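First up is the structure itself, then whatever we jot down about it.
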Amino acid sequence: MLTVDQLSVHYGPVRAVKKVSLAVQAGEIVAVLGANGAGKSSILNACLGLAPRSAGSITLDGARIDKLSTEAIVRLGLTLVPEGRRVFSGLTVAQNLSLGASAIGKDRAVALGSLDWIFSLFPRLAERRAQLAGTLSGGEQQMLAIGRALMSKPRLLLLDEPSLGLAPNIVDLIFDLIIGLRKEGFTFLLVEQNAELALDTCDRAYLVMSGAVAAQGTPDLFRQNDLVGHSHFAASG
Ligand SMILES: Nc1ncnc2c1ncn2[C@@H]1O[C@H](COP(=O)(O)OP(=O)(O)OP(=O)(O)O)[C@@H](O)[C@H]1O
Ligand SMILES: [Mg+2]
């Protein structure tokens with residue numbers, strides 16, 4: 001479904017991503033693991049046209065997307081929940097969600113249908129639909145960020161550190177949701193510092209070190225070879 005081939009990302013003279021290749025098949029949950037600064041966010045951001053690709057290609061369903069605008073990529077069914085869950089703090093929960101739908105120009109009727117769907121997935125957001133997003137707890141803001149991304153009806157969701165800074169019960173809720181949505185046919189590419197959690201959830205994982213893929217395989221392979229032990233990076237949580 002998504003193929004990243006020999007991707008490099010430069011920020012000025014700094015090459016943050018070095019010839020990374022990875023693939024996500026429809027229906028999979030794929031994890032990208034690695035230390036702080038390894039280049040994980042840069043890979044996800046490049047898929048949405050949000051980080052400067054200096055070499056390589058990115059294809060969705062066999063068609064190049066690496067020269068498209070972010071809006072065009074979202075319209076094709078790929079979306080990103082960025083690191084740090086950037087919600088619009090001065091807007092309400094419902095307004096934040098509507099903006100997710102407007103990213104692909106959905107009309108109001110369609111958007112309202114999706115709003116009910118998001119509120120059924122996250123009852124806590126339904127209770128707070130008129131509350132300003134900036135006053136939500138961290139966990140509720142992460143739910144809102146995921147909900148807003150789902151409003152564009154993506155087929156493939158890129159999630160950047162969904163568990164960061166959240167209490168264990170909220171992390172469980174969010175990962176249960178990811179597993180539930182996968183059963184409904186959604187596909188996920190997931191960046192996670194909590195390697196244990198990621199390996200419990202994913203079908204396959206990639207380990208990124210210093211901007212390059214250092215290992216890839218099933219969770220069992222990662223565990224058997226202690227690929228995410230503390231010698232490689234400190235897993236949080
Ligand atoms: N906009 C930018 N301008 C300059 N350098 C950047 C920019 N974004 C990222 N970098 C650099 O690129 C490298 C990779 O950063 P990136 O955010 O992709 O890593 P990461 O694996 O997501 O790290 P973390 O786990 O801390 O989120 C880092 O050295 C970072 O300083
Ligand atoms: Mg990051």
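Whatever order the structure lists them in is the order used to number ligands and atoms, beginning at 1. Only this structure's heavy atoms are used, side chains among them; waters, hydrogens and symmetry mates stay out. Everything numeric here is computed off the predicted structure, so don't read it as measured data.
Counting heavy atoms under 4.0 Å from ligand 1, residue Ala51 does not touch it at all.
The nearest N, O or S atom of Ser41 is closer to the Mg ion (ligand 2) than 2.8 Å. Coordination check, Glu83 versus the Mg ion (ligand 2): passed, since an N/O/S atom of the residue sits under 2.8 Å.
The protein does not reach atom 31 (O) of ligand 1 closely, with no heavy atom under 4.0 angstrom from it.
Of the protein's non-hydrogen atoms, Tyr11 CE1, 3.3 Å is the one closest to atom 10 (N) of ligand 1. Among protein heavy atoms, atom 19 (O) of ligand 1 sits closest to Gly39 N, 3.2 Å. For atom 17 (O) of ligand 1, the nearest protein heavy atom (residue, atom name, distance) is Ser41 CB, 3.7 Å. With hydrogens left out, the protein atom closest to atom 23 (O) of ligand 1 is Gly37 N, 2.8 Å, a heavy atom. Nearest protein heavy-atom contact of atom 26 (O) of ligand 1 is Asn36 ND2, 2.9 Å.
Between the Asp203 side chain and the Val30 main chain, no donor and acceptor come within less than 3.5 Å of each other. Judged by distance alone, with hydrogens and angles left aside, the side-chain atoms of Lys40 form no donor-acceptor pair with the main-chain N or O of Val32 at under 3.5 Å. A donor-acceptor pair under 3.5 Å is formed between the side chain of Arg182 and the backbone N or O of Gly27. Although no hydrogens or angles enter the test, the distance criterion places no donor-acceptor pair under 3.5 Å between the side chain of Gln193 and the main chain of Glu161. The backbone N or O of Phe88 sits less than 3.5 Å from a side-chain atom of Asn96, completing a donor-acceptor pair. Although no hydrogens or angles enter the test, the distance criterion places a donor-acceptor pair under 3.5 Å between the side chain of Tyr206 and the main chain of Ala23.
Close approach of ligand 1 to Ser42 (heavy-atom distance below 4.0 Å) involves ligand atoms 14 (C), 15 (O), 16 (P), 18 (O). Within ligand 1, counting atoms from 1 as listed, the ones closer than 4.0 Å to a heavy atom of Glu83 are 27 (O). Listed by number with element, the atoms of ligand 1 under 4.0 angstrom from any heavy atom of Gln193 are 25 (O).
With respect to the salt-bridge test (charged N to carboxylate O, under 4.0 angstrom), the residues Asp5 and Arg64 do not qualify.
Using a 4.0 angstrom heavy-atom cutoff, Gly34 does not count as in contact with ligand 1. Using a non-hydrogen distance threshold of 4.0 Å, Ala35 registers as a contact of ligand 1.
For the side chain to side chain contact (heavy atoms under 4.5 Å, CB included) test with Ile118, the passing option among Leu150, Leu144, Ile146, Val93 is Leu150; the others fail.
By the 3.5 Å distance cut-off applied to N or O atoms, Ala16 is not counted among the residues near ligand 1. When only interatomic distances are considered, the shortest N/O to N/O separation between Ala38 and ligand 1 falls below 3.5 Å.
Across all non-hydrogen atoms, the minimal contact from Ile73 to Cys47 is CD1-O, 3.6 Å.
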